[in-house]
Amino acid sequence: MRVDDPGPWPRDEAEALALQDRLRPLADHRGPGPAAPRLVAGLDVAYAGDGRGTGDLVAAAVVVIDTASLAVVERATATATTAFPYIPGLFAFRELPVLLDALRALTRVPDLLLCDGHGLSHPRRFGLACHLGVVTGLPTAGVAKTPFTGRHDPSALGVERGSGADLLDDGERVGRALRTQSGVKPVYVSTGHRIDLDTACAHVLALAPHYRLPETTRHADRLSRDTLAAALGASAWDERLR
DNA sequence: GCGACAG
DNA sequence: ATCTTGTCGC
């Protein structure tokens, strides 16, 4: 699929913060978003090395699933070297470039993109899912394994699959702790762009019939790791030929 | 000032 | 994120 160039990329923290402030107003969290998306894509990135600095090899993966059958219909990958350090709240500047490369290798255009990480539930209300949505123009939502910004009332979250509790931060609803499997830790869903929270949660739940994480992210996670391993193997192979 | 801090 | 053995529980 075609993906516009994200523009001048921040070189330091100050520039990154400024860009988030400039793009934040462009994210649409009202939706309603795709009611019945046919193609949903999961995105993830795997890291080599300690995973926090720059110059480390990374592999991104995008896996498109057909919601009717939950079957994988297309996969795409990309590898790169990290150009931005890991800084909580500035996650997108580390992962977005290689994720966009993977998306460019995609033939089809997904109806919804599900990211590994947060969207609105971010200290400045502009997590990776929001940034990815604004850049691609596609509906996006974030599915994180741990909370970031916002808290929920523990007693408000039922133990059964499907129950959820809104994440509140300074009185603002920024996302939802969603139980995708009974008796299992919840995932943290937040809107990224062109979708509302209820719709995002409904899709995440539908994509997670067996496990805690939606099939999209599970497939993307596995593919990104395999791609990284292959890249590392290839470089080791190159070394051997010298 | 101190601790916490998505992947 | 990644590094990693055994272990508790259904």
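Lettering of chains follows the sequences in order, A, B, ..., and the numbering in each one begins at 1. This structure is a prediction, so every number in the text was calculated from the model and none was measured.
- The residue A/A48 sits apart from the nucleic acid: no heavy atom pair falls under 4.0 Å.
- Across the protein-nucleic acid pair, A/D56 atom CG and C/dC3 atom P stand 12 Å apart, rounded to whole Å.
- Across B/dA6, B/dG7, C/dA1, the shortest atom-to-atom separation from the side chain of A/L128 is found for B/dA6.
- Contact detail for A/S163 and A/V159: the closest heavy-atom pair is OG-N, 4.1 Å.
- Within the 4.0 angstrom heavy-atom criterion, base atoms lie near A/D50.
- To the nearest angstrom, C1' of C/dT2 lies 13 Å from NZ of A/K145.
- Between A/Y47 and B/dG7, no base-stacking contact is recorded for ring centres under 5.5 Å apart and planes less than 30° from parallel.
- Between the NE2 atom of A/H131 and the C1' atom of B/dA6 there is a distance of 15 Å, given to the nearest Å.
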Carefully, step by step, assess A/D169 and A/R151 under the rule salt bridge (Lys or Arg N to Asp or Glu O under 4.0 Å). CA-CA 7 Å; A/D169 185 45; A/R151 303 172 26 171; over 6 Å; no
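- Ring-base stacking between A/F148 and B/dA6 is satisfied, the centre separation being under 5.5 Å and the plane angle under 30°.
- Note: CG (A/D44) to C1' (C/dT2) measures 13 Å, nearest angstrom.
- A/G89 comes within 4.0 angstrom of a nucleotide base, judged by non-hydrogen atoms across all strands.
- Separating the CG atom of A/D169 from the P atom of B/dA6 is a distance of 15 Å, rounded to the nearest angstrom.
- The CZ atom of A/R225 sits 6 Å away from the P atom of C/dA1 (whole-angstrom rounding).
- Ion pairing between a basic and an acidic side chain is recognised when a charged N comes within 4.0 Å of a carboxylate O; A/R222 and A/D44 show no such pairing.
- Atom pair A/L96:CG and B/dG7:C1' shows a separation of 13 Å (rounding to whole Å applied).
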Please test A/D221 against A/R218 for salt bridge (Lys or Arg N to Asp or Glu O under 4.0 Å), starting from the C-alpha separation and ending with a verdict. CA-CA 5 Å; A/D221 179 76; A/R218 297 186 72 242; over 6 Å; no
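- A sub-4.0 Å separation between OP1 or OP2 of B/dA6 and a side-chain N or O of A/Y188 is absent.
- Contact annotation: A/T149 side-chain N/O to B/dA6 OP1/OP2 distance is not under 4.0 Å.
- Taking 4.0 angstrom as the limit, A/R94 places none of its side-chain polar atoms (N or O) nearer than this to OP1 or OP2 of C/dA1.
- A/F93 and A/H131 have their aromatic ring centers within a separation under 6.0 angstrom.
- In this structure, the CD1 atom of A/I87 is 15 Å from the C1' atom of C/dA1, given to the nearest Å.
- Residue contacts shown for A/L99 are absent, as no nucleic acid heavy atom lies under 4.0 Å away.
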